[in-house]
Amino acid sequence: MRVATWNVNGLRARLDFVLHWLRDRRPDVVGLQELKLADEQFPHEVFAQEGYRAAVHGQKSWNGVAVLSREEAAVTRRGLPGEEEFGARLLTVDVGGISFTTVYAPNGKSIEHADYPRKLRWLESLRAHFDSAHDPSGPVVLCGDFNVVPRPIDGWNEELHAGLIFHSEDERRRYRAVLDWGFSDLFREFYPDERKFSWWDYRGGAFHLKRGLRIDFLLGAQAVVKRLKSVEIDREYRKKKAGLTASDHAPVIADIE
DNA sequence: ATGTCACCTATTAGGTGA
């Protein structure tokens with residue numbers, strides 16, 4: 001089973017690009033973030049023509065998450081309990097024998113902004129939700145855009161950014177608490193020390209200058225890690241394709257037995 | 001060069017969020 005996560009930065013603007021990627025990479029289950037559309041605007045019929053069903057938790061203009069799957073998926077949760085007013089940011093389905101959750105964590109904007117303590121609380125709520133709703137001994141995947149740089153190696157310039165948004169110890173501690181529920185970062189299972197990124201700012205030629213961050217993760221419980229065959233950050237799809245504009249995030253893909 | 005992009009409302013231009 002091929003699973004993936006991708007912040008598409010607007011599904012209406014990215015639809016043709018996403019279809020190009022689906023035909024090329026042929027994933028079985030995909031968590032999408034930043035749909036930036038309401039549920040009724042989701043193009044179900046376009047994905048159906050490609051062989052994918054979609055479970056959607058959207059909202060007008062901003063945020064929004066979905067799960068595409070070849071097999072039928074049963075939605076078990078829409079929205080992070082207690083945090084629904086912070087936007088449509090969590091969706092869980094049962095599909096192909098696994099519990100698959102995709103999230104779009106709050107950005108936080110800056111450590112001085114009012115969104116920052118709300119971001120910290122959102123991450124605490126995410127851990128608490130897994131404590132109450134999921135079993136760490138089961139086949140569980142949690143993926144998405146976490147908007148946290150876990151360690152200095154996951155960013156292009158820790159000296160410049162240490163203590164700032166995405167790089168603060170308070171964010172890192174709460175992200176680690178999510179991992180400590182029973183998850184492994186699947187990318188790090190294969191590449192413990194590599195400096196690879198999943199997001200590059202659109203501005204200033206950041207992609208070309210290799211100035212990125214690794215903030216998009218596929219996390220798996222041990223039952224998933226045991227079946228893991230490969231993991232890659234699909235940076236080819238951070239580049240323009242066939243004249244289409246890319247998201248500022250690359251997909252992350254894993255193959256599971 | 002905060003040099004881009006996507007969304008909105010809406011006086012095809014400016015504001016917001018990332």
Side-chain angles (χ1 to χ4, degrees), chain A residues 5-21 31-43 46 56-66 80 83-90 102-123 126 143-150 154-157 159-161 163-168 170-172 175 197-217 233-252:
Chain A
T5 183
W6 195 8
N7 179 324
V8 297
N9 187 23
L11 186 59
R12 283 171 289 176
R14 206 71 58 221
L15 185 58
D16 289 340
F17 198 94
V18 171
L19 295 175
H20 191 291
W21 177 79
L32 300 176
Q33 304 90 41
E34 276 209 88
L35 305 179
K36 297 185 177 181
L37 50 70
D39 288 353
E40 59 269 23
Q41 297 176 297
F42 192 93
V46 177
V56 182
H57 181 41
Q59 69 177 84
K60 178 180 159 74
S61 306
W62 309 113
N63 309 313
V65 289
L80 179 57
E83 302 287 349
E84 288 91 346
E85 77 291 344
F86 210 171
R89 298 180 179 276
L90 180 143
T102 192
V103 295
Y104 175 47
N107 177 290
K109 296 187 177 71
S110 74
I111 64 168
E112 295 85 14
H113 196 281
D115 280 4
Y116 178 68
R118 295 179 74 197
K119 175 183 188 176
L120 299 180
R121 283 197 296 275
W122 192 93
L123 291 168
L126 182 62
C143 69
D145 175 1
F146 287 75
N147 277 322
V148 176
V149 174
D154 296 308
W156 69 276
N157 192 337
E159 293 72 25
L160 192 63
H161 298 127
L164 301 180
I165 196 71
F166 294 21
H167 302 72
S168 74
D170 283 331
E171 289 162 281
R172 287 171 169 171
Y175 171 72
F197 308 133
S198 65
W199 172 88
W200 296 260
D201 201 305
Y202 280 124
R203 296 167 291 190
F207 184 74
H208 180 69
L209 294 168
K210 305 188 189 307
R211 295 177 177 176
L213 305 174
R214 196 175 71 91
I215 56 178
D216 301 273
F217 312 118
I233 298 174
D234 198 359
R235 67 188 298 285
E236 281 304 304
Y237 276 84
R238 177 58 180 79
K239 304 173 183 173
K240 278 186 161 58
K241 273 277 185 284
L244 303 169
T245 304
S247 170
D248 45 356
H249 296 252
V252 186

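Proteins get letters first, then strands, A, B, ... in listed order; numbering begins at 1 in each.
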How close or far is atom P of B:dG17 from atom OH of A:Tyr116, stated in whole angstroms? 19 Å

Please determine, for the side chain of A:Lys109, which listed nucleotide (B:dC5, B:dT2, B:dG17) has the closest atom? B:dG17

P spacing across the pair B:dA10 / B:dA6, given as an integer number of angstrom: 22 Å

Mind calculating the distance between CD (A:Gln33) and P (B:dA6) to the nearest angstrom? 17 Å

Is the phosphate of B:dC8, meaning OP1 or OP2, less than 4.0 Å from a side-chain N or O of A:Ser61? yes

Could you check if a side-chain atom of A:Phe207 sits within less than 4.5 angstrom of a side-chain atom of A:Lys239, using non-hydrogen atoms only? yes

Sub-4.5 Å side-chain heavy-atom contact between A:Trp199 and A:Asp145: no

By nearest-nucleotide position on DNA chain B, the 5'-leaning member of A:Ala13 and A:Gly108 is A:Ala13

A:Tyr104 side chain: which of B:dA18, B:dA6, B:dT9 is closest? B:dA18

Expressed in angstrom and rounded to an integer, what is the separation of A:Glu34 atom CD from B:dG17 atom P? 13 Å

Taking the C1' atom in each of B:dT11 and B:dG15, what is the distance between them to the nearest angstrom? 15 Å

Within this structure, what is the CZ-to-P distance between A:Arg14 and B:dC5, rounded to whole angstrom? 9 Å

When the distance from CG of A:Leu35 to P of B:dC5 is rounded to whole Å, what number comes out? 21 Å

N/O (side chain, A:Lys36) to phosphate O (OP1/OP2, B:dT16) under 4.0 Å: no

For the aromatic rings, using the six-membered ring if either is Trp, is the centroid distance between A:Trp156 and A:His161 under 6.0 Å? yes

A:Asn107 atom CG is separated from B:dG17 atom P, nearest whole Å, by 11 Å

Is there a side-chain contact between A:His57 and A:Arg89 in this structure, where contact means two heavy atoms from C-beta onward sitting under 4.5 Å apart? no

With nearest nucleotides of DNA chain B determined for A:Lys240 and A:Asn7 from heavy-atom distances, which residue corresponds to the more 5′ nucleotide? A:Lys240

Please determine whether a side-chain nitrogen or oxygen atom of A:Arg12 lies at a distance below 4.0 Å from atom OP1 or OP2 of B:dC5. no

What integer distance in Å separates A:Asp248:CG from B:dT2:C1'? 14 Å

Rounded to the nearest Å, what distance is computed from the CH2 atom of residue A:Trp199 to the P atom of nucleotide B:dC5? 13 Å

Are A:Trp6 and A:Val18 packed together at the side-chain level, in the sense that at least one heavy-atom pair is separated by less than 4.5 angstrom? yes

